[in-house]
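Everything numeric here is computed off the predicted structure, so don't read it as measured data. Chain A is the first sequence line, chain B the second, and so forth, proteins listed ahead of strands; every chain is numbered from 1. Reckoned from all heavy atoms, side chains included, excluding hydrogens, waters and symmetry mates.
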Number of protein chains: 2
Amino acid sequence: MSAAKLLLVEDDPSLSELLEFRFKNEGYDVRATSDGDEALMLAAEDVPDLIILDWMIEGTSGIEVCRQLRRAKDTAHVPIIMLTAREAEDDRIRGLDTGADDYLTKPFSPRELLARVSAVMRRVRPALAGETIELGDIKLDPVAHRVERRGRTLQLGPTEYRLLKFFMESPGRVFSRGQLLDGVWGTESDIELRTVDVHIRRLRKAITVDDAKDPIRTVRSAGYSIEST
Amino acid sequence: MSAAKLLLVEDDPSLSELLEFRFKNEGYDVRATSDGDEALMLAAEDVPDLIILDWMIEGTSGIEVCRQLRRAKDTAHVPIIMLTAREAEDDRIRGLDTGADDYLTKPFSPRELLARVSAVMRRVRPALAGETIELGDIKLDPVAHRVERRGRTLQLGPTEYRLLKFFMESPGRVFSRGQLLDGVWGTESDIELRTVDVHIRRLRKAITVDDAKDPIRTVRSAGYSIEST
DNA sequence: CCGGGATGTTACAGTTTCACGACAATCGTC
DNA sequence: GACGATTGTCGTGAAACTGTAACATCCCGG
């Protein structure tokens, strides 16, 4: 099992402790800090899957943390849930403008926050519930970073792994080369569309076992997908 | 590529970027700009399926953009969702008067906007919302880019697929050859009218299964349609 | 029954798209 | 710094797809 990594940035010790306990109880891998600068460091050194960010914190302010997270390449697309003081209408506006994914107004019930977190996790990374994805005879364990097919461990390069995982997170769905570049390489990559073909080919080669049928479907003039069955 | 095309007009870079990312993540084909005049150009050159328009933008004002979009023939009935500052009751009224389809008051959660967009898309073109269209014994899944008939997967070429999808989005409606060229090939294609016949022929051949009856109806001296039953 | 316009069908040449192999640049590790 | 693994690009050839013309057939009003 393996858990989705949360970064909790909250400077009220009692609230922070409570939430940390609750989340760990739910099986999340939680790191907590009360300081904005430390939060940025932690996020940079081990990119979390979701960040819960209090508006009023020590060190760099919440909004500034948010902005810097968005600016850094690694964390640009990590979902952020902001915690704001109630009635602080302006904060909500600025928070969302700054790139937060969602916000919660204090006081809130921990259960509500848990629900939001779980909703975000489901949306962003269906696979990242920490469970291995299984598709036909292929098993992908995102935690161990390992892929098996018919009991045999496949030898995948980094890009091939990310590409396969991306496909397996949305079985059956057809992605254009552009979408694949965005999703697997990152939005700001500047790569030839045709290069995707080459990696598809490498992935196909790498997941070939015995006489098993190629699960990757080419959709002419549209893109690629992985067979959902 | 058959994703729904969104045009995002928003001049706050961070909000724009966030929304663009979220929408692309949902499979939409997004173009974004912060400038009103540029928005009009983009809309004219490749008509989007939905426009998200901030009230307060550079260049031509939001309301003016809205008006001009409505005035132009191509974009006259493209749905528009307006983003307005909070509490600006007057703006909301004027916005709707001007032809906006829906509006959202800042601050809003990105999730809320996604829900609205998806609702509008479902209403306008179900296939573009990612829903499968079913017509008689034919099932078309736009996400998987796959068409089935009586459980069998049909083998369609790119043009045949687009043609069939176009028909299935408006069951029963008769399209002239010119309308088909515009809708399936694009407005700037310069193709013989009679070429449509050939593709109709190819489509008919491709969707033939067993003794199933041909759902494509020829309307003499008018065009073609797909049987709504 | 006939004529003429409209549609169906076929063949084909030109174009587009994709799989594959090769190669140089880069990265990471020892 | 050296070595192997990984990565992005390009060229080639095969296969799929496309638009057009030519001919066959159908439909409808006289």
Among [options], which nucleotide has an atom closest to any side-chain atom of [X]?
X	options	answer
B:E192	D:dT20, D:dG8, C:dT10	D:dT20
A:R201	D:dT18, D:dT9, C:dG21	C:dG21
A:R220	D:dT7, D:dT18, D:dC17	D:dC17

Can you tell me how far [atom2] of [N] sits from [atom1] of [X], to the nearest Å?
X	N	atom1	atom2	value
B:R177	C:dA6	CZ	P	9 Å
A:L203	C:dC20	CG	P	13 Å
A:R217	C:dA19	CZ	C1'	17 Å
B:Y224	C:dA6	OH	P	12 Å
A:R202	C:dC18	CZ	P	18 Å
A:D197	D:dG8	CG	P	13 Å
B:H199	D:dT18	NE2	P	6 Å
A:L163	D:dT7	CG	C1'	13 Å

Problem set entry | Salt-bridge criterion met for B:D29 and B:K5 (N-O under 4.0 Å) | no

Exercise. Any ion pair linking A:D210 and A:R149 (charged N to carboxylate O, less than 4.0 Å)?
Worked result: no

Problem set entry | Any donor-acceptor N or O pair under 3.5 Å, side chains A:S228, B:R146 | no

Exercise. In terms of side-chain heavy atoms, does A:T218 have a donor or acceptor partner in A:R204 at a distance below 3.5 Å?
Worked result: yes

For this session: Tell me whether the OP1 or OP2 atom of D:dG19 has a side-chain N or O from B:W185 closer than 4.0 Å.
Result: yes

Exercise. Does a side-chain N or O from B:S221 land closer than 4.0 Å to OP1 or OP2 of C:dA6, or not?
Worked result: no

Exercise. So does A:R150 have more than 12 non-hydrogen atoms from other groups sitting under 6.0 Å from CZ?
Worked result: yes

Exercise. Could you give the angle between the helix axes at the two ends of the helix from C:dC1-D:dG30 to C:dC30-D:dG1, with five pairs per end, rounded to 10 degrees?
Worked result: 40°

Exercise. When you measure from the side chain of A:S176 to the backbone N and O of A:Q179, does any donor-acceptor pair fall under 3.5 Å?
Worked result: yes

Exercise. Hey, does B:T218 reach any base, or is it just sugar-phosphate, or nothing, if we go heavy atoms under 4.0 Å?
Worked result: sugar-phosphate

For this session: With DNA chain C as reference, determine whether B:V198 or A:V219 sits nearer its 5' end, using the nearest nucleotide of each.
Result: B:V198

Problem set entry | A:R152 and A:E148: CA distance, side-chain angles, deciding distance, salt bridge (charged side-chain N to carboxylate O under 4.0 Å, His left out) verdict | CA-CA 5 Å; A:R152 229 174 288 181; A:E148 280 186 14; over 6 Å; no

Exercise. Taking atom types as they are modelled, is there a donor-acceptor pair under 3.5 Å from the base of C:dG8 to the side chain of B:R194?
Worked result: yes

